[in-house]
Amino acid sequence: MLVAKVFRSTMAHAVIRAIDVSRARAQPGVYAVYTAEDIVGLIAKPFYGPAFHDQPILALGKVHHVGEPVAVVLAEDPHVAENALASIEVEYEPLPAVFDEIEAMNSKAVVHEVLKPAGTFPDLKHLSGKKNTNIALDFHLLRGDPQKAFKQADHVFEHYFKTQPVLHLPLEPFATVAVPTHTGLTLHTASQSPSFVRIEIARLLGWPENRVQVKVPYLGGGFGAKLYIKTEALASACALLAQRAVKLALSMEEQFYVITKHATTLRIKSAVTKEGQITARECEVWWNGGAFADIGPRVTQKSGFTAAGPYDIENVQIDSYALYTNLPPAGALRGFGIPQLVWAYESHTDMMARALKIDPLQMRRKNVLREGRPQATGTLMRDAALVPVLERLAQLMHWDEPFDHGSGTWRRGRGMAIGFKASIAPTTSMAIVVINADGSCQLQSSTVDMGQGSDTAMAQIVCEVLDIDMGVIKVVHPDTDVTPYDMATLGSRSTYHMGHAVKRAAEHARDQLAAMAVEFKLTLNEVSIADLFKRKYGMQAGNVVGVGSFIPAYTSPDAQGQTLQATPFWMIGATGVELEVDTETGQFRITQMINLVDVGNPINPEIVKTQISGAAIMQMGFTLSEKMDFDEGQVTNASLADYKIPGIRDLPQFMHNEAVSAFEQSGPFGAKGVGESGTFGVSPAIANAIDDAVGVRLTDLPLTAEAIFRGMRIHAGQPLQED
Amino acid sequence: MSQTERTIEIFLNDKPIRVTVGHHQTLIEVLQAQGLTGARESCAQGLCGCCTLKVNETLVSGCLFLAVLADGQRVQTIEANEQALDEVQQAFIECGAFQCGYCTPGFIMMVRALLDENPDPSDEDIGHYLSGNLCRCATYPEIIKAVQRAASVRRVPS
Ligand code: FES
Ligand code: FES
């Protein structure tokens, strides 16, 4: 097997004048060195992406961000390949670059000369061929008459917020092994979306789907990083050019250049009555999408549905922009844009409550969207336990009791936040349940278990329907030769979408078994599955194959962002925090964190709790310590030494995670997804608690001791010199 | 054999093996080539603990440990005694102390050593001992529970 090592751009935006790989090719042990020129010989249009076909397999003509793959070296010995990278020479002609999302709105630096929507999403078609813009997508929503309401308001509040660039950082970095076969190509890849990989690689090669086989083992974490095409296209091209098996496994450092979470700037403005009723809201969100769209336009649109928060507001305007910049591409990270929005609207909620001298809980109680009410898109809230989640949080935090704010140098504070999310629709899931003649069975589904426990949950669903023991079922891992289509494992969609498909496949199998039993004038209660097969086929032989598919109802929003079916189900998450701030240094510790979610009826309550906890701790990292630092587009902290993720000693002193008692009428056994909900409220709950403790309001993430200290000094009328 | 290579003998999970390794190769690379993938390379800088191995009685980061230095030494990986789960592994399963499982072998190796040194660790001791192991799935609360459970099982004489 050959190992591939990638030569990456050192420039953020530049024309490639010349690439000289001759010295690298001449190194002993080097099997081949490829550039875009070689790729084009194999794939005439080597651009991929789920929303836009904007990402080249290797840089073609110009580079769009530092770290973009420019050339690749193949060798049997990884060290030989790695060393050869140093002798590749590229001559660049620098172009003006843009890094900031606000600047990108009107920048002279244009990342892509022409927009190239993929064509798979009908609502992106109008962007085809657009020139001289960095706006990959703009989403607009208008409900009621916000301008009029602002004019009549008792109070108007307007605040700006920022979130920083962070990344998924699964401990298993991206890896693909591509093997040419006599029928086509087999990929073993760490992917959350095997069906997409197959379709996209087949499209690039101009092949039918069935010539590409994609197999996915267990993943070492994903969190949204391993979606769509990451290492797969380059590994495939290398394997086909070399006609050898090729392994492309990235390093931890390289992960920082593959996919990130959108940095954002958010503006939010509300009209409020004296009593605290919100009558109008305007939200503007600018998403820093980096050099390639990835799924960013979808993040911009889907999260746009709920940017105004889980509040009953008659007049709403939302404007959300997906922007290209010369940073590494941004995609979906555990929450699909929602944590950024909740950060803004729940900080904003507390800032208004404080200004109006209304208790933050009362402010939320007064405005929260109640069951059956329309939210900003006009879709009615159904099976959305916003009120139960909020009330249970208040109860667990003893919010109505007096709170000790501490004295001396340590001050205590508490804060809460609640957010919600529309699920990803319309997306399809298919499943196959095969029953063998001895009564054992296998479930074939392309859902990827990356630690969230989907194998367990899906097996439970089959066992429940077929009334069989967990011990007799095997979950077949994604292999596109045998497991049917699934859109992807993302956005907490599997329990609901795949859960339905699996349930239907199991029911289909059960119905066939029941029909078999009827042939022998029996019911399924009277005969074992093994006996039934023996009666039918005279020996241990045969199979029953149940198939199921699911696509939820969804209606695209109109030009005003209005639709009666924005989502198949609502996800809800809230967090309450108590903390202590050292007023001499700004250091603080979280003494209590309570995370509550609505997951409908949990299929596996223990796994659900672990998901809530894991999501909340991860979001704590995004809130307190994680931040990618850039210098002219170059990441200056691309290592776990300088990019701090939560460790075992960074936990809150006390943590409680709970799914409120709820039921999703449209869900399989009343269930809905959970993977992301624990992230929603964490950042603003902490910021709100800091404000409660020391009166410092932070509007930029991450929340650092330094920022608090500076804030306290300003508060005390003794700002540090540079403030 | 070139000057940059050497043949070494290691007692890998109690079986002697001979391998020719480059001077620059790390122990983790050599083990992966042997098909032992339980110890994983993640950060490659000694910062995450995913590659934890035992060389003689010492735990090391396999990503930093040069293979030639293991010549003549005993090397233990998570694959040792694969037939039966020990009380630490059992406790991890019972407490759901992993999600993706990528970090788990490193944690298990560390926890075994912790409990050998300190049969009755406090949560603070556990945090201190395991602070060099990262889990991006953030299964830390469950890991702490699992360590406590394994410790109490170990303390009961069988
Ligand atoms: S891979 Fe060795 S410590 Fe991270
Ligand atoms: S369980 Fe996934 S990294 Fe620890």
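The analysis underlying the following values was restricted to heavy atoms, covering all of them including side chains, and did not include hydrogens, waters or symmetry mates. Lettering follows sequence order; numbering is per chain, from 1. This structure is a prediction, so every number in the text was calculated from the model and none was measured.
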Practice task
Given side chain to side chain contact (heavy atoms under 4.5 Å, CB included), test A:Ser613 with B:Glu142 step by step and report yes or no.
Solution key: CA-CA 10 Å; A:Ser613 162; B:Glu142 293 82 359; 4.2 Å; yes
Practice task
Taking all heavy atoms of B:Cys103 and all of A:Leu171, pick out the closest pair and write down the distance.
Solution key: CB-CD1, 4.1 Å
Handout entry: Full working for side chain to side chain contact (heavy atoms under 4.5 Å, CB included) between B:Gln45 and A:Met252
Key = CA-CA 9 Å; B:Gln45 292 182 311; A:Met252 183 57 85; over 6 Å; no
Practice task
Identify which part of B:Thr139 has an atom lying under 4.5 Å from any heavy atom of chain A, answering side chain, backbone, both or neither.
Solution key: side chain
Handout entry: Residue part contacting chain A, namely of B:Cys137, when any heavy atom lies under 4.5 Å
Key = both
Handout entry: B:Pro141 side chain near A:Leu651 side chain, heavy-atom distance below 4.5 Å
Key = yes
Practice task
State, yes or no, whether a side-chain contact exists between B:Ile144 and A:Ile648 at a heavy-atom distance under 4.5 Å.
Solution key: yes
Practice task
Answer yes or no: is there a donor N or O on one side and an acceptor on the other, between the side chain of B:Gln99 and the main chain of A:Thr610, under 3.5 Å?
Solution key: yes
Exercise for the section: Using atom types as modelled and distance alone, determine if a side-chain donor or acceptor of B:Tyr140 lies under 3.5 Å from a backbone N or O of A:Ile617. Expected result: no
Practice task
With side chain to side chain contact (heavy atoms under 4.5 Å, CB included) as the test, would you mind laying out the steps for A:Arg649 and B:Ser131 before giving the verdict?
Solution key: CA-CA 6 Å; A:Arg649 304 185 83 190; B:Ser131 60; 3.7 Å; yes
Exercise for the section: Identify which of B:Ser42, B:Cys48, B:Gly22 forms the greatest number of heavy-atom pairs closer than 4.5 Å to chain A. Expected result: B:Ser42
Exercise for the section: Mark yes when over 12 heavy atoms from residues, nucleotides or ligands other than B:Asn81 sit less than 6.0 Å from its CG; otherwise mark no. Expected result: no
Practice task
Identify whether the distance between the nearest side-chain nitrogen and carboxylate oxygen of B:Arg136 and A:Glu172 falls below 4.0 Å.
Solution key: no
